[in-house]
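Order of listing sets the numbers, starting from 1, for every ligand and every atom in it. For this chain, numbers begin at 1 and follow the sequence in order.
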Amino acid sequence: MSPLLKALGEISGASGVITGEALAERLIPHGQPLAIVRPQSTKEVAEVLRACHEAGQPVIPYGGLTGLVEATSASQTEVALSLERMNQIEEIDSASRTMTVQAGVPLQLVQEAADAAGMMFPLDIGARGSATIGGNVATNAGGNRVIRYGMMRDQILGMEVVLADGTVLSSLNKIIKNNTGYDLKQLFIGSEGTLGIVTRLVLRLRPKPVSQQMAFVAANTFDEVTEILNRLDANLGGSLSAFEVLWQDYYKLVTTPPAKGKPPLNHDYGYYILVEALGGDDASDAERFLAVLSEAMEDGVVVDGAIAQSQAERDAMWAIRDDVGQVAQFRPVFSFDISVPLNHMDSYVRELKIALSDQWPDNKCMVFGHLGDGNLHIVVGVGDKSAKSQVEAIVYAGLPSRGGSVSAEHGIGIQKRAYLAMSRSPEELLTMKTIKRALDPNNILNPGKIFI
Ligand code: ZN
């Protein structure tokens, strides 16, 4: 064992460093590190980083390892730092509506603790069971209810973070308003572990909704889709919490066997929208939801619709939207997470489908996403695993001229590194690198992620 690993063992205890066979037994995506160090406190994280900083030892921060862009990939010369032993919920403050947590707590436990205390933590993603709250910060996670509650960035009031040299920045602030100079926590949100290790957080909680209204509605044109979004946003009194659009191909896929979902609407329409509203009064919320949708149908904006009548029907509607696994039928497939401003979204998707069909007439192109946030998920299958970079080039080509983004909610990691300059100017990239150098002069934190 190297002197550095020995020193890390002295900091975090004998069981705090995992190497050899115990390391080999762990399922680690994207490469095995030299060791996994598991500090139990902020003080230990600081000591670990100080030692690594002095030794010039690269450190790969580990959360739940559920990311989608290989931001936690590691090599045999790199040490992983896992927050798995910092997994305590420290405080729930009902008056301030906050929860103070250690960064290694899984997202689902945060949600459950908020619920048990009569409140809600609104961020939700499919990987909730294993994704950690610290990982959600590092990636600025999004998910299905961003339209109402914002991304992870919007759920954070205070943060404690350890810099590369072991400096502890403790800003465990509980207040919403705090204009006292730079809001340093924002730097670390979405930084993919390249600027510091988040150790503790003060999360913002929300009132728990008591009613959930849901429907699937159909539209024939994209103009109708945006008209429906505007109407619901304006007329549902701020309760619209999801506006998930499924293009026809994807809707057919997830409502046709072997998919288990039964189609709430037939397969004749161009666009299907899962609409959800969360409110505070079941009877009046249901009445308003029905009234707004009925009016849209009478005006011919919504061409067909089905309102969920029970919790089972609501769950079934979400299951249809989330049955992304069905795309495996077209394996090999390439998955994308992009943003396009709504006024350019329709032309973008049309051009994309034409460009793909020009090259691969039998391609599959499934489009769905969080339309209210301008965020689309695109899954492309062309029957050829080696066509990845060709497909990437086609998917990303239409974005810069439209003011789109090559990554809406998954981050850059190493998978999208080559395309970062399509969404960021040379000046922005230079500023990012200046910040990186200032906070991590020895380049030990997740080196090579986001940019080189
Ligand atoms: Zn998503």
Any idea which N/O/S atom from His370 gets closest to the Zn ion (ligand 1)?
NE2
Does Arg321 come within less than 4.0 Å of Glu276, counting only side-chain N to carboxylate O?
no
Examine Trp247 together with Phe368 and report whether their ring centres are nearer than 6.0 Å.
no
Would you say Asp337 has an N, O or S atom lying under 2.8 Å from the Zn ion (ligand 1)?
no
Between Glu409 atom OE2 and His377 atom NE2, the angle centred on the Zn ion (ligand 1) rounds (to 10°) to 90°
Please check if atom CZ in Arg350 has more than 12 non-hydrogen atoms from other residues, nucleotides or ligands closer than 6.0 Å.
no
Between Asp285 and Gly280 the two heavy atoms that sit nearest each other are OD2-N, 3.0 Å
